[in-house]
Amino acid sequence: MTAPEQTAAPNFIRRIIEDDLRAGTHGGRVHTRFPPEPNGYLHIGHAKSICLNFGLAADFGGLCNLRFDDTNPETEDVEYVESIQNDVRWLGFDWQERLFFASDYFERLHDYAVELIRRGKAYVDSLNAEEIRTLRGSLTEPGKESPHRNRSVEENLDLFARMRAGEFPDGAHVLRARIDMAAPNVNLRDPVIYRIRRATHHRTGDKWCIYPMYDFTHGLSDAIEHITHSICTLEFEDHRPLYDWFLDNLTTPSRPRQYEFARLNLDYTVLSKRRLIALVEGGHVTGWDDPRMPTLAGIRRRGYTPEAIRDFCERIGVTKNDTCIDFAVLENSVREHLGHVAPRVMAVLDPVKVVIENYPAGQLEQLPAANHPQRPELGSRAVPFAREIFIEREDFMEDPPKGFHRLVPGREVRLRYAYFIKCIGVVKDPASGAITELRCAYDPATRGGDAPDGRKVKGTLHWVAAPAALDAEVRLYDRLFRVPDPDAAGGDWLGHLNPESAKVFTGCKLEPALRAAAAGSRYQFERLGYFCADAADSRPGAPVFNRTATLKDSWAKTGGR
RNA sequence: UGGGGUGUGGCCAAGUUGGUUAAGGCACGGGAUUUUGAUUCCCGCAUUCCCAGGUUCGAAUCCUGGCACCCCAGCCA
């Protein structure tokens with residue numbers, strides 16, 4: 001088990017567990033589970049649940065199972081059960097040998113259903129979906145009983161057996177719990193617990209043609225696994241009476257309790273499965289692992305670390321409040337982690353050539369550069385320097401606003417780890433007026449970046465020597481939507497997609513050490529941000545980089561850019 | 001009066017057996033340090049806890065009444 005954050009913040013669920021432990025409620029055990037349905041990829045919202053469930057188990061000396069809630073074969077697929085396991089593992093959690101599937105319990109679940117029928121607590125209804133809906137009543141009016149509600153136990157047993165045997169077409173009958181059609185909580189109005197569905201299940205194949213519903217399955221699966229605290233999201237709060245009803249009316253091996261917490265909402269993105277699927281299928285992103293997606297696969301490809309995600313989940317807390325987390329909190333978590341572990345390196349995204357007139361042509365010298373100035377133990381590397389280098393186009397201005405302390409005609413700046421240079425000329429394309437080259441002079445006495453006479457310089461620029469530069473593609477990602485809440489912004493939520501969420505820069509100039517960057521490795525491109533070698537598109541010797549996050553930029557904030 | 005939930009600073013969130021000046025994080029503002037306008041480091045940032053009454057020597061914490069927002073009528077989970 002990894003990630004037992006020692007500074008576990010207090011929350012209402014921890015308090016419940018502490019009380020249970022004190023009272024010896026579940027025999028002093030803590031056993032949770034993360035129960036995804038394998039019908040989509042995991043996203044950052046699931047990470048909150050994963051960290052909560054596995055984290056609680058770890059902190060209280062308990063266990064956490066991974067259980068797939070695979071009761072709807074029509075929407076589920078092995079592709080998802082694989083990606084989900086992969087993502088949970090990546091996040092840093094281990095379910096050891098406790099990988100379960102609700103489908104493993106189909107036989108037992110079936111027996112529980114039979115037990116319910118025997119006790120007169122369930123019946124086969126032969127109304128169609130439309131009729132059942134009508135009789136269910138409305139939120140303010142009670143429902144009406146089905147004409148089949150009082151069939152005999154024998155008839156119900158017979159019908160249910162024949163449902164299982166495949167004697168009826170899909171939809172012909174359903175098994176319903178016999179509770180209360182007038183219950184103010186509509187979930188209790190004789191909920192359907194089994195339906196006939198001839199679909200090939202990704203695990204049980206064609207063995208079954210009847211499948212149990214979530215409400216019936218979940219609590220019983222929890223009981224079978226001896227789960228103590230079954231933690232789910234708020235929308236299931238109304239289902240808790242049902243959860244309890246099944247456990248109260250059946251003889252189960254244990255008595256789990258359900259608790260609900262608020263799901264995560266994040267600024268400038270969408271987290272509903274339906275929306276995520278729409279983004280993928282509509283071609284608005286390149287796939288589930290598009291670096292702009294809030295999926296764990298996307299976030300991972302973007303360069304986020306598991307540590308950062310866990311830290312984020314720790315910071316946002318666990319409550320029942322309906323909230324929306326500021327995107328900056330997530331960014332802060334990655335910056336903090338990457339700031340500590342990412343080696344520094346230099347890369348010029350939008351290059352403009354600089355010719356240092358007084359530097360010997362043909363000369364190439366190696367200058368030492370720290371891999372992490374705050375962590376000398378991470379060592380240093382040699383960076384080549386030459387007469388022709390590239391600097392960032394936006395680091396030069398002919399007519400700068402006040403406060404701009406980068407390169408300007410006649411002004412001296414420092415090239416990081418190299419020399420002071422002064423701009424002595426600007427070469428432009430006569431036709432367009434665009435700057436094509438800058439002419440500079442360097443001071444040989446400032447090698448390494450310090451002036452022996454103690455003179456100071458306001459700006460320090462990153463740079464890459466032209467003869468040694470590695471050409472590469474770098475992708476700059478930004479928030480997927482241009483409004484904080486795409487659903488509430490009016491109009492079609494897709495209309496709020498940020499057209500600039502992915503900018504591809506080709507011909508970027510990187511320091512040569514990056515040629516060896518392994519796919520997935522993360523760096524800080526000095527003064528620019530954190531970048532990660534794309535795991536899918538990088539080739540040996542030819543990495544492609546994704547921007548994970550920018551560095552904070554107080555100059556940009558003042559409107560300097 | 002359908003049922004269930006939630007309301008503490010811009011965004012999160014401690015605080016819950018009523019008792020000093022209402023934690024902390026993010027964001028924001030100011031300052032120091034700085035060969036990344038980054039990092040780090042200080043300092044500031046709710047006389048007030050959805051509102052209105054009430055109980056009390058004392059309430060974010062108790063009572064009453066409002067208001068706002070979220071979820072529920074799948075043979076989805």
Side-chain angles (χ1 to χ4, degrees), chain A residues 7 9-12 15 35-37 39 69-72 74-76 125 127-129 132-134 136-143 170-171 173-176 183-189 191-197 211 213-215 217-218 232-241 260 262 267 273 314-333 335-336 339-340 344 346 369-370 373-374 403-406 414-418 420 446 448-450 456-462 484 524-529 550-558 560:
Chain A
T7 42
N11 63 51
F12 76 103
R15 194 157 307 120
E37 182 189 12
N39 69 345
D69 229 319
D70 56 348
T71 56
N72 185 2
E74 292 182 314
T75 57
E76 299 158 4
D125 198 351
L127 260 24
N128 62 38
I132 288 179
R133 186 185 330 125
T134 303
R136 185 152 34 225
S138 73
L139 293 180
T140 53
E141 303 160 316
D170 287 11
H173 307 279
V174 290
L175 183 69
R176 292 230 251 169
N185 177 346
V186 295
N187 291 124
L188 262 18
R189 318 241 262 231
V192 171
I193 58 180
Y194 262 94
R195 73 285 210 185
I196 303 173
R197 189 117 316 169
Y211 291 95
M213 299 283 288
Y214 167 84
D215 286 310
T217 307
H218 206 86
C232 63
T233 44
L234 249 30
E235 64 271 28
F236 292 101
E237 211 154 15
D238 286 341
H239 295 240
R240 182 163 14 107
E260 311 85 11
D267 264 5
K273 222 170 248 185
E314 189 65 34
R315 290 183 195 222
I316 58 179
V318 179
T319 67
K320 300 182 78 148
N321 300 342
D322 188 10
T323 60
C324 187
I325 307 295
D326 193 326
F327 203 85
V329 178
L330 215 207
E331 284 199 310
N332 179 267
S333 290
R335 288 200 185 106
E336 194 169 296
H340 184 68
R344 272 57 173 167
M346 291 197 284
Q374 284 74 46
F404 183 83
H405 46 242
R406 276 109 102 145
R414 168 170 40 234
L415 291 178
R416 176 143 241 228
Y417 297 126
F420 282 11
T446 58
D450 278 311
K456 301 294 183 190
V457 102
K458 270 190 277 184
T460 297
L461 311 185
H462 58 279
Q524 182 197 93
F525 287 2
E526 293 213 40
R527 303 211 304 136
L528 296 176
T550 60
L551 247 31
K552 279 201 237 173
D553 189 345
S554 57
W555 167 240
K557 206 158 55 187
T558 63

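What's counted below: heavy atoms across the whole structure, side chains too, no hydrogens, waters or symmetry copies. Below, chain A is the first sequence line, B the second, and so on; all start at residue 1. On a predicted model such as this, the values are computed, not experimentally measured, just so you know.
- Of the side-chain N and O atoms in A/Lys320, none sit less than 4.0 angstrom from OP1 or OP2 of B/C70.
- At the heavy-atom level, A/Arg344 lies under 4.0 Å from base atoms of the strands shown.
- The side chain of A/Thr558 places no N or O atom within less than 4.0 Å of a non-bridging phosphate oxygen (OP1 or OP2) of B/G37.
- Residue A/Leu139 is in base contact, counting any heavy-atom pair closer than 4.0 Å across all strands shown.
- Of the side-chain N and O atoms in A/Lys273, none sit less than 4.0 angstrom from OP1 or OP2 of B/A77.
- Residue contacts for A/Glu74: at a heavy-atom cut-off of 4.0 Å it reaches no nucleic acid atom on any strand shown.
- The base of B/G37 has none of its N or O atoms less than 3.5 Å from a complementary donor or acceptor on the side chain of A/Arg527.
- When heavy atoms are screened at a 4.0 angstrom cut-off, A/Ile132 is found touching base atoms of the nucleic acid.
- Taking the six-membered ring where tryptophan is involved, the planes of A/Phe236 and A/His239 are perpendicular, since the angle between them exceeds 60° and thus also 30°.
- One finds no side-chain N or O of A/Thr75 lying less than 4.0 angstrom from the OP1 or OP2 phosphate oxygen of B/C76.
- Dashed line: the shortest gap from a side-chain N or O of A/Ser554 to OP1 or OP2 of B/A38 is under 4.0 Å.
- Spacing between B/G44 and B/G25 at atom P, rounded to whole Å, works out to 13 Å.
- For A/Glu331 against B/A27, a side-chain-to-base donor-acceptor contact under 3.5 Å is absent.
- Base-pair partner of B/U6: B/A68 (Watson-Crick or G-U wobble, both distances under 3.5 Å).
- For a distance-only test at 3.5 Å, the side chain of A/Asp238 qualifies as a donor-acceptor partner of the base of B/G3.
- When atom types are taken as modelled, the side chain of A/Arg527 and the backbone of A/Thr460 share a donor-acceptor pair closer than 3.5 angstrom.
- For A/Gln374 against B/U40, no side-chain N or O and base N or O form a donor-acceptor pair under 3.5 Å.
- Side-chain N/O atoms of A/Arg197 and base N/O atoms of B/C75 include a donor-acceptor pair closer than 3.5 Å.
- The shortest non-hydrogen separation linking A/Gly449 to A/Phe420 is O-CE1, 3.3 Å.
- The partner of B/G24, taking Watson-Crick or G-U wobble pairs whose two distances both stay under 3.5 Å, is B/C12.
- Judged purely by atom type and a 3.5 angstrom limit, A/Arg195 has no side-chain atom pairing as donor or acceptor with the backbone of A/Gly171.
- Between the CD atom of A/Glu260 and the CZ atom of A/Phe12 there is a distance of 7.5 Å, given to the nearest 0.5 Å.
- Contact annotation for A/Gly529: no contact, since no heavy-atom pair falls under 4.0 Å across all strands.
- In this structure, the nucleotide among B/A38, B/A13, B/G37 sitting nearest to the side chain of A/Asn321 is B/A13.
- In this structure, A/Ile316 places its CD1 atom 9 Å from P of B/A13, rounding to the nearest Å.
- Residues A/Leu461 and A/Arg406 are in side-chain contact: their nearest non-hydrogen atoms beyond the backbone lie under 4.5 Å apart.
- The aromatic ring of A/Trp555 sits over the base of B/G37, with ring centres less than 5.5 Å apart and planes inclined by under 30°.
- Nucleic acid contact for A/His462: none, since no nucleic acid atom lies under 4.0 Å from a heavy atom of the residue.
- B/A59 and B/G24 are spaced 24 Å apart, taking the P atom of each and rounding to whole Å.
- The nearest whole Å value for the distance from the CG atom in A/Asp69 to the P atom in B/A77 is 8 Å.
- Classification of B/G74 as syn follows from a glycosidic angle within 90° of 0.
- Heavy atoms of A/Asn128 sit under 4.0 angstrom from at least one base atom.
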